[in-house]
Amino acid sequence: MPHRQILVTAALPYANGPIHIGHLVEYIQTDIWVRFQKLRGHRCVFICADDTHGTAIMIRARQEGRSEEELIAETQIAHERDFASFAIEFDNYGSTNSPENEKLCGEIWQSIRAAELVKEKDIEQLFDVQEGTFLADRFVRGTCPKCKRPDQPGDNCECGQTYAPAELIDPVSTLSGTTPELRAAKHLFIELEQLHGFLDEWTQTDDHLQPEVVNYLKGHFLCDELRDWDISRPAPYFGFEISDSPGNYWYVWFDAPIGYMASTQQWCDKHGKSFNDWWRNDSTEIHHFIGKDITYFHTLFWPGMLKSAGFNLPTKVHIHGFLTVDAEKMSKSKGTFIKAETYLKHLNPTYLRYYYASKLGARLDDLDLNFEEFAAKIDSDLVGKVVNLASRSAKFVADTGLSAEYPDDGGLFEQGAKAGEEVAAAYEQCDYNRAMRLIVELADRANPYVENAQPWNLRKDPEKSQELQDVCTVALNLFRQIIVYLSPVLPRLAKQTTELLGKPIESWDESQMPLVGTPVAKFKRMLDRVNTKSIQAMIEESKDEAAADGPSVADEAAAKYNDDDEALKAEPLAEQCTIDDFIKADLRVARVLTAEDVPEARKLLKLTLGLGGDERRTVFAGIKAAYKPEDLIGRLVVCCANLAPRKMKFGTSEGMILASGPGGEDVFMLRVDEGGVPGQRVH
RNA sequence: GGGCCGGUAGCUCAGUUGGUUAGAGCAGGGGACUCAUAAUCCCUUGGUCGCGGGUUCGAGUCCUGCCCGGCCUACCA
């Protein structure tokens with residue numbers, strides 16, 4: 001097998017929040033690929049870092065009254081801790097806020113300047129005077145210039161209109177609540193269009209990208225002139241100041257991918273390796289793993305930057321979809337927005353690694369986490385089939401160890417060894433679900449072998465002790481072969497297997513030669529079945545966490561519905577009442593039996609309400625302008641049934657129908673949800 | 001509205017360049033075993049391959065129209 005040199009990156013997590021199970025799809029996917037490559041004997045380095053710059057970090061640090069450096073240092077510790085807990089093993093984990101990164105940014109910047117790709121333009125942007133900062137779109141809200149809806153986000157309105165924040169009527173800064181003013185500032189742009197030819201070629205050839213991505217780029221960007229890329233932000237901005245443009249900072253998306261290189265640089269310095277051997281070497285492969293949300297930065301800008309600066313271009317950008325839980329977006333209120341930290345309190349990380357592997361393919365489809373399936377897969381595949389092989393045979397050979405020669409197993413081990421290439425190909429293509437299927441098939445063949453050989457009967461007969469040892473030697477070797485194949489996914493299980501059988505699993509070739517004549521340790525339980533109560537507890541805890549952040553969930557919803565306080569102002573809240581006060585009013589569900597216009601009245605309709613049985617009320621309701629009598633007949637309403645009768649000009653009214661609104665045409669009667677019946681009291 | 005991907009057993013999915021009677025795992029049903037974490041093994045029920053046309057000796061597979069779902073995107077390919 002030719003020896004490959006492979007540099008692998010996973011996207012840099014933003015230092016503005018904790019790692020959650022959505023992030024983990026990517027890091028687990030990448031970690032598996034890296035472990036696989038290393039196991040195959042390739043020289044492979046796994047690089048990552050925290051992405052630390054930008055307005056969001058600056059604002060948050062300000063709100064928390066501390067420095068950005070303090071915030072990102074704290075976040076990075078948490079990130080690295082979470083990754084380690086899931087056995088995600090980086091060769092180097094850096095930070096974009098590092099001297100290495102600043103230096104590389106400068107070098108690449110100079111190359112881009114030298115290639116005459118940079119131009120300056122004045123940009124008018126809203127400026128928060130109180131906070132002293134320009135406002136990104138998402139930090140401005142105001143009235144939509146088109147439909148006049150108030151309190152809309154800075155770039156688009158729920159009416160579908162898109163616009164620039166400066167076009168908003170009555171814009172307000174979400175940072176300070178003050179009205180921002182329009183100010184011009186110099187921005188630096190990269191003229192990506194100059195690289196159009198190169199990008200056409202690079203994106204469409206050599207399998208650098210998945211076919212869907214190729215189509216996407218062709219259809220959305222490359223079919224047209226490429227827009228200039230605004231890569232600077234005026235001060236104040238948490239980032240690196242542009243050396244030849246004082247007062248301006250590189251936009252976070254300029255320095256973030258360069259963070260891959262900076263982190264590589266750190267690794268090289270630590271291990272006495274040459275940076276150019278990794279980033280300026282045609283025989284080095286560079287593989288980026290990213291989510292589909294950042295496709296365009298990694299497939300257009302980033303190759304463009306690398307090309308201009310004369311570095312290696314990515315060999316492949318592997319793009320994956322998002323995580324859904326029970327086919328829905330992760331939701332804080334439903335408890336499916338699960339932080340890595342929360343998961344770890346309840347469930348074994350091995351489960352998640354296996355589950356994701358069993359679901360991941362080479363496409364960018366979203367991956368759905370279904371906890372029923374999750375438990376079924378772990379229990380059935382891993383515990384019932386794979387681990388079972390060891391747990392049912394190891395103790396019979398704890399005293400004797402494995403047989404000195406590998407016995408006849410009917411070709412099972414050899415078959416498994418041959419399947420290795422197919423498994424490897426699946427891993428290589430990131431087709432992990434196929435790899436898992438192939439591996440579990442091996443376990444499906446191994447268990448019947450044990451079944452037929454009946455070691456539990458053999459042990460009863462002292463004369464069959466050799467046969468017993470042979471059977472267990474086969475079972476444990478088949479088990480170990482499976483674990484070798486699974487080891488990129490389940491490193492902990494591989495380690496436990498090493499402890500059981502003594503020989504470390506450090507190479508794919510371990511799957512090709514059976515182990516013989518070695519001691520077998522006392523079997524220790526390797527993996528428990530999934531406790532479904534723990535899943536429930538985890539979801540409950542995630543809900544509680546979301547509730548503790550309370551405002552954020554409610555605020556999110558409130559922002560979406562954007563209800564104003566006009567009605568509340570028109571009728572301020574009444575003074576507090578007791579439950580005794582409340583139950584004095586007997587509110588009932590009623591059916592409208594008759595409804596007729598009262599011609600002489602300006603506002604009234606005359607209704608007969610049925611409370612069930614013979615119980616009726618005649619009610620005059622001031623809803624003429626809002627409802628037609630014929631539309632009311634038969635529908636359920638809510639009325640106050642014990643209101644003292646009142647004589648009116650046209651008869652006696654024996655109750656009131658409950659409705660909201662200021663009156664006139666704006667009257668909105670209360671409706672009873674499906675299932676309610678006349679006569680029921682409203683509590 | 002446009003683009004991309006998908007629709008195969010109750011669920012998750014395989015089905016190679018068109019080629020016998022469409023497969024697997026899980027779940028369901030029946031039985032066996034007792035070494036193993038109520039694990040395992042054997043047998044078994046179950047499908048108009050989204051729908052309609054077409055090409056072909058032959059279509060789950062190719063072409064076409066439609067329906068449904070997901071993602072992306074939005075008066076723009």
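Residue numbers start from 1 in every chain, and the chains themselves are labelled A, B, ... in the order their sequence lines are given, proteins ahead of strands.
What separates CZ of A/Arg525 from P of B/C35 is a distance of 17 Å, to the nearest Å. Residue A/Arg434 contributes atom CZ, which lies 16 Å from atom P of B/G25 at whole-angstrom precision. Remark: C1' of B/C71 and NZ of A/Lys329 are 11 Å apart, rounded to the nearest angstrom. At whole-Å resolution of the value, CZ in A/Phe479 and P in B/A36 are 16 Å apart. Spacing between atom CG of A/Asp366 and atom P of B/C72 amounts to 7 Å, rounded to whole angstrom units. Regarding A/Lys385, its NZ atom lies at a distance of 11 Å from the C1' atom of B/U40, rounded to whole Å. For A/Asp326 and B/C11, the CG to C1' distance is 13 Å, given to the nearest whole Å. Note: CD (A/Glu225) to P (B/C76) measures 16 Å, nearest angstrom.
Judged as a side-chain hydrogen bond (donor to acceptor under 3.5 Å, both in side chains), the pairs with a partner in residues 527-539 of chain A (not counting sequence neighbours) are, in order, A/Arg525-A/Asp528. Within the structure, the salt bridge (charged side-chain N to carboxylate O under 4.0 Å, His left out) test picks out the following pairs touching residues 464-486 of chain A (sequence neighbours left out): A/Arg480-A/Glu510. Note on residues 342-362 of chain A: pairs passing salt bridge (charged side-chain N to carboxylate O under 4.0 Å, His left out), not counting sequence neighbours, are A/Asp31-A/Arg353, A/Lys345-A/Glu541, A/Lys359-A/Glu373.
Side-chain atoms of A/Glu26 and A/His320 form a donor-acceptor pair, as typed in the model, at a separation below 3.5 Å. Side-chain polar atoms of A/Arg445 and A/Gln415 form a donor-acceptor pair below 3.5 angstrom. For A/Lys385 and A/Asn388, the side-chain atoms include no donor-acceptor pair closer than 3.5 Å. No side-chain donor from either of A/Arg492 and A/Asn348 sits under 3.5 Å from a side-chain acceptor of the other. Residues A/Asn433 and A/Ser358 bring no donor and acceptor atom of their side chains to less than 3.5 Å of each other. Looking at A/Asp230 and A/Tyr251, their side chains never bring a donor and an acceptor atom within 3.5 Å of each other.
Taking all atoms of both residues into account, the shortest heavy-atom contact from A/Ala521 to A/Glu499 is CB-O, 3.5 Å.
The neighbour count for A/Glu405 CD, taken as heavy atoms of other residues, nucleotides or ligands under 6.0 Å away, does not exceed 12.
The residue among A/Asn447 and A/Lys292 whose nearest nucleotide of RNA chain B is located toward the 5' end is A/Asn447. Ranked by how close their nearest RNA chain B nucleotide is to the 5' end, A/Cys223 and A/Arg437 are led by A/Arg437.
For the segment residues 386-396 of chain A, the set of residues with a heavy atom within less than 4.0 Å of an atom of RNA chain B comprises A/Val387, A/Asn388, A/Ser391, A/Arg392, A/Lys395, A/Phe396, in numerical order. For the segment residues 403-413 of chain A, the set of residues with a heavy atom within less than 4.0 Å of an atom of RNA chain B is empty. Within residues 448-478 of chain A, the residues that have a heavy atom under 4.0 Å from RNA chain B are, in order of number, A/Pro448, A/Glu451, A/Trp456, A/Arg459. Within residues 368-383 of chain A, the residues approaching RNA chain B are A/Glu373, A/Ser380, A/Val383, by heavy-atom distance under 4.0 Å.
Between A/Gln204 and A/Leu222 the shortest side-chain heavy-atom distance falls below 4.5 Å. The shortest distance between side-chain heavy atoms of A/Met330 and A/Ile21 falls below 4.5 Å.
Residues A/Phe413 and A/Tyr406 place their aromatic rings such that the two centres sit under 6.0 Å apart. For A/Phe396 and A/Trp456, the gap between ring centers reaches or exceeds 6.0 Å. A/Trp33 has its ring centre less than 6.0 Å from the ring centre of A/Phe289. In this structure, the ring of A/Trp229 has its center less than 6.0 angstrom from the ring center of A/Phe301. Proximity of the aromatic rings of A/His287 and A/His318 is defined here by a centroid distance below 6.0 angstrom, and this criterion is met.
On the C1' atoms, B/A22 is 12 Å away from B/A59, given to the nearest whole Å. A gap of 7 Å separates the P atoms of B/C49 and B/G60, to the nearest Å.
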Convert the base pairs of RNA chain B into dot-bracket notation, remembering that pairs crossing earlier ones are written with [ ] and that bases paired across to another strand are shown as |; include only Watson-Crick or G-U pairs under 3.5 Å.
(((((((..((((.....[...)))).(((((.......))))).....(((((..]....))))))))))))....
Give every pair of a protein N or O atom and an N or O atom of nucleotides 43-46 of chain B that lie under 3.5 Å apart, one pair per line with the distance.
none

Might you list the N or O atoms of the protein lying below 3.5 Å from N or O atoms in nucleotides 1-6 of chain B, with each pair's distance?
{"residue": "B/G6", "atom": "OP1", "partner": "A/Arg363", "partner atom": "NH2", "Å": "3.3"}

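For the salt bridge (charged side-chain N to carboxylate O under 4.0 Å, His left out) test, residues two or more places apart in sequence or in another chain that qualify with A/Asp228 are A/Lys119, A/Lys121. Every residue two or more places apart in sequence or in another chain that forms a ring pair (Phe, Tyr, Trp, His ring centres under 6.0 Å) with A/His23 is listed here: A/His20.
A/His208 and A/Trp202 have parallel rings, their planes meeting at less than 30° on a 0 to 90° scale where 60° marks the start of perpendicular.
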